[in-house]
Protein chains: 2
Amino acid sequence: MAQLCTSEDPDMFRSLLSRIGDKWTLLVIGVLGEERRRFTELTEIIPGISRRMLTVTVRALERDGLVSRTVYAEVPPRVEYELTALGRSLQLVALTLADWVSEHQHTIVGNRRSFDSDAREP
Amino acid sequence: MAQLCTSEDPDMFRSLLSRIGDKWTLLVIGVLGEERRRFTELTEIIPGISRRMLTVTVRALERDGLVSRTVYAEVPPRVEYELTALGRSLQLVALTLADWVSEHQHTIVGNRRSFDSDAREP
DNA sequence: CCGAATCCCGACTGATACTG
DNA sequence: CAGTATCAGTCGGGATTCGG
């Protein structure tokens with residue numbers, strides 16, 4: 001319902017929205033949606049992410065129960081992350097979002113271009 | 001495709017994502033999804049938004065072609081905003097997102113609580 | 001290999017005041 | 001009514017460094 005956006009608890013709504021809307025979360029979910037990965041793999045697959053931000057992101061996802069973290073008592077250490085059932089359900093939503101973006105991104109880029117050029121010359 | 005999250009143009013993906021993921025955009029889209037509104041109406045309906053942030057938000061939406069802005073040459077001035085066809089298509093996506101949040105928010109709050117309490121006491 | 005802790009900067013936001 | 005301008009505070013997140 002659109003009401004969700006306005007009434008009820010906009011804080012909670014926004015809190016979850018900013019979680020998935022932050023810089024890295026959806027990328028991590030997208031990658032983990034394919035298969036479980038270990039820490040260093042993620043840093044290599046996701047372009048530009050730092051170890052710190054990967055740690056922060058993956059901790060937040062674990063806290064929300066979207067990702068599970070498994071530590072193997074080996075040497076060298078190995079830690080694997082994978083989507084939980086809840087995480088996979090979010091991934092489905094994320095994919096519809098990604099579809100929308102891929103379908104309309106060219107339109108939007110064009111809109112921005114014409115808006116910006118209109119603004120310069122009256 | 002999940003690939004969209006990783007390869008291709010993650011910048012464009014993130015650019016659109018941070019647009020709809022920012023603090024006010026989805027609330028504005030949610031309100032405008034019901035019916036066209038004028039500026040002051042929006043400030044009254046959306047709890048906590050300042051005139052400045054509303055301006056910034058609707059400008060960005062207009063730039064992307066998601067919202068249309070109509071100025072009536074009256075006195076006092078009247079400006080109305082409404083979703084474009086593109087904006088309505090995004091609204092559909094946003095609603096699936098809102099549904100997911102409303103369905104799982106209690107689970108997530110619970111996950112956070114138990115994660116936080118587990119962290120304190122080993 | 002995996003991560004925690006610290007420092008720091010630029011971007012985002014809000015309060016306030018002013019204008020057509 | 002519908003904005004714009006300016007300034008100050010907060011915060012995400014990147015670089016770097018240290019530990020298990």
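Letters go in sequence order (proteins before strands), and every chain restarts at 1.
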Mind calculating the distance between [atom1] ([X]) and [atom2] ([N]) to the nearest angstrom?
| X | N | atom1 | atom2 | answer |
| --- | --- | --- | --- | --- |
| A:E41 | C:dG3 | CD | P | 13 Å |
| B:L54 | D:dT4 | CG | C1' | 14 Å |
| B:R19 | C:dC12 | CZ | C1' | 12 Å |
| A:I49 | D:dA15 | CD1 | P | 12 Å |
| B:M53 | C:dA11 | CE | P | 15 Å |
| B:W24 | C:dC12 | CH2 | P | 16 Å |
| A:D22 | D:dG14 | CG | C1' | 14 Å |
| B:I46 | C:dG14 | CD1 | C1' | 16 Å |

Which atoms of nucleotides 16-20 of chain D (N or O only) lie under 3.5 Å from a protein N or O atom, and what are those distances?
none

[N] OP1/OP2 closer than 4.0 Å to side-chain N/O of [X]:
| X | N | answer |
| --- | --- | --- |
| B:T40 | D:dA2 | yes |
| B:R38 | D:dC1 | no |
| B:R69 | D:dA2 | no |

I'd like to check [X] versus [Y] (side-chain heavy atoms, cut-off strictly below 4.5 Å). Are they in contact?
| X | Y | value |
| --- | --- | --- |
| B:V67 | B:L83 | yes |
| A:V31 | A:V28 | no |
| B:F39 | B:T55 | yes |

Checklist entry - Which residue pairs satisfy the salt bridge (Lys or Arg N to Asp or Glu O under 4.0 Å) criterion with at least one member in residues 65-82 of chain A, sequence neighbours excluded? => result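 Applying salt bridge (Lys or Arg N to Asp or Glu O under 4.0 Å) to every pair that reaches into residues 65-82 of chain A, excluding sequence neighbours, yields A:R36-A:E80, A:R36-A:E82, A:E74-A:R78, A:R78-A:E80.
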Item to check | For A:T84 against A:G65, the heavy-atom pair lying closest together | outcome: OG1-O, 2.7 Å
Checklist entry - ring-ring contact (aromatic ring centres under 6.0 Å, His included) with B:W100: which residues, sequence neighbours excluded? => result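 By the ring-ring contact (aromatic ring centres under 6.0 Å, His included) rule, B:W100 matches B:H104.
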Next on the checklist: Considering every strand and a 4.0 Å limit on heavy-atom distances, what is the contact class for A:Y81: base, sugar-phosphate, or nothing?
Outcome noted: sugar-phosphate
Item to check | Donor-acceptor under 3.5 Å (A:T25 side chain, A:G21 main chain) | outcome: no
Checklist entry - Where the side chain of A:K23 is concerned, which of D:dG13, D:dA2, C:dG14 is the nearest nucleotide? => result D:dG13
